[in-house]
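So you know, we letter chains A, B, ... as the sequences are listed, proteins then strands, and number each from 1. Because only heavy atoms are used, hydrogens play no part in the values below, and waters and symmetry mates are left out as well, while side chains stay in.
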Number of protein chains: 2
Amino acid sequence: MANSKRKVLSQDQIHLIVKALSDPRRYEILKHLRQSGQALACETVRGCMEITPATLSHHMKELEMAGLVQVVREGKFASYVLRRDVLEAFLQGVHADLI
Amino acid sequence: MANSKRKVLSQDQIHLIVKALSDPRRYEILKHLRQSGQALACETVRGCMEITPATLSHHMKELEMAGLVQVVREGKFASYVLRRDVLEAFLQGVHADLI
DNA sequence: TCGATAGTTTTACAACTATCTAATCGATGC
DNA sequence: GCATCGATTAGATAGTTGTAAAACTATCGA
């Protein structure tokens, strides 16, 4: 198979990810990341969704801890990258658990 | 395709489902439902997970409102059925949104 | 009809969380 | 060094939610 070395997530990881997805703003952020295709600057995210820096930082931390995004810091700037492999493993895990 | 008339969920429905999945006990209940293959009596669920009737009732209501289970009442008994079609539509929706 | 049983609803409470302001940290430019 | 700017952290607060006790509803058996 083309993608056979897919990671298997623990129940804790799945739980973390579901919790991360359960906030509408975080879900929205992830959708933006996906649509942009590649890394998205923190400022860019703030530009498209009316959110204070502190709140955004909090949400990004949550997404990072869930493993859904990777934070790339360059100088005083930060960018976020969607971790598609983790998302795929997550969907795979839920599928295996519940379907 | 074998299953082409798959339902498309709204963002609100996806959000409801993610929230429903975000509680460990609810996720556990769904796993039991899946493992049992068919309908599971309320009493049976209570038998395998140390939960008070009130709390279970609350969680089942949540799962029902999310569309993830169907509640079947017969006399004074209640059984729960996993709605696999909704779960599949959910995974499909998240996949379309984020991958 | 009574009493027992299965589930639900109400109510109350503790724990959690999203949000913001203010303070802080780190890097960049003068 | 000092000021500025981007981002994070700390603290405070309001709203949400999981939990269970108690009251309630509905069904069944005697």
Atom pair distance, as rounded to whole Å: CG in A:Leu56 and P in C:dA18 | 13 Å
B:Leu21 CG to D:dG18 P: how many Å, rounded?
-> 12 Å
Could you tell me the separation between the CD atom of A:Glu62 and the C1' atom of D:dT9, rounded to a whole number of Å?
-> 14 Å
For D:dG6, does OP1 or OP2 lie under 4.0 Å from any side-chain N or O of A:Arg46?
-> no
Can you tell me the distance, in whole Å, between the CG atom of A:Asp23 and the P atom of D:dT16?
-> 13 Å
Within residues 33-42 of chain B: residues closer than 4.0 Å to DNA chain D (heavy atoms) | none
Atom pairs and distances, donor-acceptor, side-chain atoms in residues 12-19 of chain B, under 3.5 Å, two or more places apart:
residue, atom, partner, partner atom, Å
B:Gln13, OE1, B:Ser10, N, 3.0
B:Gln13, OE1, B:Ser10, OG, 3.4
B:His15, NE2, A:Ser22, O, 3.1

How many Å lie between CE on B:Met49 and P on D:dT19, as a whole number?
-> 9 Å
Atom-to-atom span, CD1 of A:Ile51 to C1' of D:dT8 - whole angstrom = 14 Å
Heavy-atom check, side chain of B:Ile29 versus side chain of B:Met49, under 4.5 Å = yes
Options C:dT21, D:dT19, D:dT17, nucleotide nearest the side-chain atoms of B:His59 | D:dT19
Got a second to check how far A:Asp85's CG is from A:Lys7's NZ, nearest 0.5 Å?
-> 6.0 Å
When Ile, Leu, Val, Met, Phe, Trp and Tyr are grouped by side-chain heavy atoms lying under 4.5 Å apart, directly or through other members, which residues fall in the same group as A:Val8?
-> none
Show the distances under 3.5 angstrom between N or O atoms of the protein and N or O atoms of nucleotides 9-15 of chain C.
none

Listed by chain and number, what are the salt bridge (Lys or Arg N to Asp or Glu O under 4.0 Å) partners of B:Arg84, not counting sequence neighbours?
-> B:Glu88
Axis-to-axis angle across the helix from C:dT1-D:dA30 to C:dC30-D:dG1, five pairs each end, nearest 10 degrees, ~ 10°
Phosphate OP1/OP2 of D:dG6: any A:Arg73 side-chain N/O under 4.0 Å = no
Can you tell me how far the CZ atom of B:Arg25 sits from the CG atom of B:Leu30, to the nearest 0.5 Å?
-> 14.0 Å
With sequence neighbours excluded, tell me which residues meet salt bridge (Lys or Arg N to Asp or Glu O under 4.0 Å) with B:Arg34.
-> none
Atom pairs and distances, side-chain donor-acceptor, residues 92-99 of chain B, under 3.5 Å, sequence neighbours left out:
residue, atom, partner, partner atom, Å
B:Gln92, OE1, B:Arg6, NH1, 2.9
B:Asp97, OD2, A:Tyr27, OH, 2.6
B:Asp97, OD2, B:Gln11, NE2, 3.0

In whole angstrom, what separates B:Lys19's NZ from D:dT16's P?
-> 9 Å
So which nucleotide from C:dT19, D:dT19, C:dG7 ends up closest to the side chain of B:Ala78?
-> C:dG7
How long is the line joining CZ of A:Arg25 and P of D:dG15, in whole Å?
-> 16 Å
Where along nucleotides 24-30 of chain D does protein come under 4.0 Å, by heavy atom, of base (B) or sugar-phosphate alone (S), with - for untouched nucleotides?
-> ---BS--
If you look only at pairs with a residue in residues 36-51 of chain A, which of them pass as a side chain to side chain donor-acceptor pair (under 3.5 Å), with sequence neighbours excluded?
-> none
Side-chain donor/acceptor pairs under 3.5 Å, residues 53-81 of chain A, sequence neighbours excluded:
residue, atom, partner, partner atom, Å
A:Thr55, OG1, A:Thr52, OG1, 2.9
A:His59, ND1, A:Arg26, NH1, 3.1

